[in-house]
Amino acid sequence: MYRAIVQRGYNADHPESTLELVEKPIPAAAPGRVVVHITLRPINPTDKVNLATGKTARQYSYPVTIGAEGFGVVHSVGEGVSSVKPGQRVVPLFWEEGWVGNGSWQEYVSIREEMVVPIPDTISDETAAQFVVNPWAVIGMFHDLAVPKGEYVLQTAAGSVIGRQIIQYAKRNGIKTINLIRRPEQKTELEALGADEVICYTSEDVVTRVKEITENKLAYCALDAVGGDLTKKVTASVRRGGQVLMYGVLSSPDATVRIRDLFREITVKGWILSNYWVSNEKRKMYIDQALECLGTKVMEPQTGQKFDLAEFKEAIKKSEEAGKGGKVLLRHDKSLSRWSCCPSNQTLHVVRSKNKELVIICASPVSTESFVTGRRLQVPIPAAAPGRVVVHITLRPINPTDLVTIRSGITARYYSHPVTIGSEGFGIVHSVGEGVSLVRPGQRVVPLMWEEGRVGNGSWQEYVSLREDMVVPVPDTISDETAAQFVINPWAIIGMLHDLAVPKGEYLLQTAAGSVLGRQLIQLAKHKGIKTINLIRRPEQRAELEALGADEVICYTSEDVVSRVKEITGKKLAYGALDAVGGDLTKAVTASVRRGGQVFIYGVLSSRDATVRITDLFREITVRGWILSNYWWSEEKRNMYIEEALEYLGDKVMEPQTGEKFDLAEFKEAITKSEEVGKRGKVLLVS
């Protein structure tokens with residue numbers, strides 16, 4: 001079941017009173033169609049117009065669901081669908097479904113494959129949720145106006161979300177803007193965005209100022225989202241033969257113009273996106289340009305406050321406030337805001353079957369009022385389908401990525417609850433399906449969990465079914481405890497060192513050197529002839545790391561990092577750096593890397609932000625993120641990681657630290673232990 005906001009009637013005075021939150025069954029994916037799990041949707045003026053006028057509801061039988069746009073993740077695909085796959089980030093294009101009362105103010109929607117746009121990683125969820133209405137309108141209006149470079153466009157509502165994007169888009173295309181605002185405090189913000197001229201129409205004479213700015217030529221054309229008497233000033237400010245496109249009704253449903261301005265062959269006409277998006281040619285233009293402009297940050301939609309879908313009344317009220325700071329978004333669950341401050345273990349519970357004990361730890365929906373503390377379900381051990389292997393998982397570590405997944409709801413956000421997390425583990429083959437030849441029952445293996453984990457079927461359970469090529473046989477030279485940590489840390493170390501390509505004898509700087517990953521990095525770098533400079537927070541770690549092979553250790557809480565790096569390297573600085581901490585420490589890290597070097601940020605142990613000095617970036621330092629999930633889908637990369645990890649772990653070149661072990665049912669105590677400072681190794685859940 002999923003939640004949807006439906007409109008059951010029409011009330012012009014109190015339109016929000018006609019809305020109700022209901023539950024519906026999740027639709028099945030019919031042939032040629034895609035079921036999208038919508039996680040974010042903005043409240044647009046068009047949504048409120050539809051609600052207030054009952055436009056959608058009048059055309060179709062009640063109840064209807066409004067909502068012009070949104071963002072989500074593919075839940076399932078029907079037969080014949082090839083352009084998207086489950087788990088993929090997408091924008092559903094709603095005009096077909098929205099026209100029949102099946103809009104975005106719900107958690108799931110079924111739409112034709114052609115109406116789904118894949119979203120690249122360069123576009124955030126919040127920006128993708130605003131992919132259609134404003135960006136397409138900006139692109140379309142400028143396309144139709146065909147404004148020459150260097151000319152002035154006049155716009156009203158310049159401080160709105162779309163007004164700011166108009167400024168950005170015009171600037172990119174060499175078009176000047178004259179921007180009308182109602183509140184003078186917006187002036188500085190808009191000028192910072194790139195506005196050429198800003199006029200406060202409540203205190204300045206618009207026409208006089210436009211004449212001064214343009215040296216009496218007036219504006220080439222205008223975009224008006226306000227209407228009312230302001231349109232008189234707008235049309236009077238446009239030159240002979242110019243156009244005024246009306247695309248909104250923020251002040252009034254009417255627009256007043258002076259007839260004598262119409263005598264100057266000024267054209268005033270309406271512009272509404274729904275007149276254009278049914279054209280395949282137009283739609284392709286809008287999609288291509290929006291992907292480019294949003295992906296490259298040419299246009300950056302403002303995001304305001306987020307509300308749970310059930311809080312639609314408060315959200316609508318907020319969306320009508322002046323100076324709300326961006327587009328109000330409806331999200332699909334209170335627990336899904338990133339980096340929830342809830343304790344990790346309060347979103348988990350144990351599930352047991354009655355026949356054979358089978359413990360699964362699942363992320364569950366959280367409310368601010370209460371947490372799910374436990375329930376019992378029957379969960380059968382999966383059968384081995386053709387080409388698949390059922391693995392009995394006996395050990396799995398608690399990784400930082402697992403804790404992030406719990407707190408952020410990143411897996412649970414994409415799939416229906418309950419879900420099982422866990423990014424890696426070790427086990428024994430329980431059974432194999434027809435056609436499986438690489439492994440046999442009873443064999444020691446590592447299940448590669450990214451495919452199953454992405455669909456909420458992770459390693460924090462006793463049995464899992466995987467494709468044969470997602471199972472790695474483990475040789476006797478590697479212990480069970482080491483095999484349980486075969487993927488996340490070793491593969492990341494191998495991958496980052498491969499991408500940095502540090503020459504022998506050069507220095508590599510790393511933060512979080514005392515962590516389990518940091519220690520293995522020291523070991524592998526030593527093996528490869530790479531010197532390491534290791535940053536630690538606690539001085540008592542120094543002797544341990546030096547015993548592992550660390551060349552230099554700096555306690556950044558008591559020593560000047562940059563000065564020490566200069567001393568160590570003879571002022572050459574480090575060749576590159578790996579940073580898992582972030583925050584202000586990244587400033588010291590980037591300052592310690594030589595010209596043309598790279599800084600890979602692969603963790604967020606201190607902060608979700610990383611601060612760098614721009615003067616260091618002027619030295620052609622590249623700072624970028626590195627995350628294993630971007631690489632392991634490549635078969636070539638995967639084979640490299642497997643082969644090298646088997647070699648280095650088997651030969652004891654890298655030896656993962658193992659900490660305390662807890663039974664799977666003791667997950668709360670295990671999570672608490674895993675978050676302790678100085679826990680001396682990875683905490684393992686056993687079964």
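Here the structure is a predicted model, which means the values were calculated and not measured.
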Looking at [Y] and [X], is any side-chain nitrogen of the basic one under 4.0 Å from a carboxylate oxygen of the acidic one?
X	Y	result
E506	R594	yes
R564	E567	yes
R467	E451	yes
R542	E559	yes
K637	D499	yes
D551	K526	yes
E300	R164	no
E452	R388	yes
K531	E552	no

Side-chain donor/acceptor of [X] to backbone N/O of [Y], under 3.5 Å:
X	Y	result
R172	V298	no
E468	V436	no
S515	A512	yes
T590	T586	yes

Tell me whether K85 at atom NZ has more than 12 heavy atoms from other residues, nucleotides or ligands lying less than 6.0 Å away. no
Could you check whether atom CD of E635 has more than 12 heavy atoms from other residues, nucleotides or ligands sitting under 6.0 Å from it? no
Do [X] and [Y] have side-chain atoms, one donor and one acceptor, less than 3.5 Å apart?
X	Y	answer
T401	N399	no
R396	S687	yes
N457	T420	no

Tell me whether the rings of H392 and Y463 are parallel (<30°), tilted (30 to 60°) or perpendicular (>60°). parallel
Would you mind listing every ring-ring contact (aromatic ring centres under 6.0 Å, His included) that reaches into residues 499-542, with sequence neighbours excluded? H527-Y648
Should V562 and D560 count as side-chain neighbours, where that means a heavy-atom distance under 4.5 Å? yes
Is the shortest heavy-atom distance from the side chain of V90 to the side chain of F71 under 4.5 Å?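 Contact flag for V90/F71 side chains = no.
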Give a yes or no on whether the ring-centroid distance for W491 and W450 is below 6.0 angstrom. yes
With sequence neighbours excluded, what pairs up with F426 under the ring-ring contact (aromatic ring centres under 6.0 Å, His included) test?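 F426 satisfies ring-ring contact (aromatic ring centres under 6.0 Å, His included) with no other residue.
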Can you sort out the partners of Y169 under ring-ring contact (aromatic ring centres under 6.0 Å, His included), two or more places apart, ordered by chain and number? F142
Nearest non-hydrogen partners of I493 and L517, listed with the distance: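 Closest pair (atom of I493, atom of L517, distance): CD1-O, 3.5 Å.
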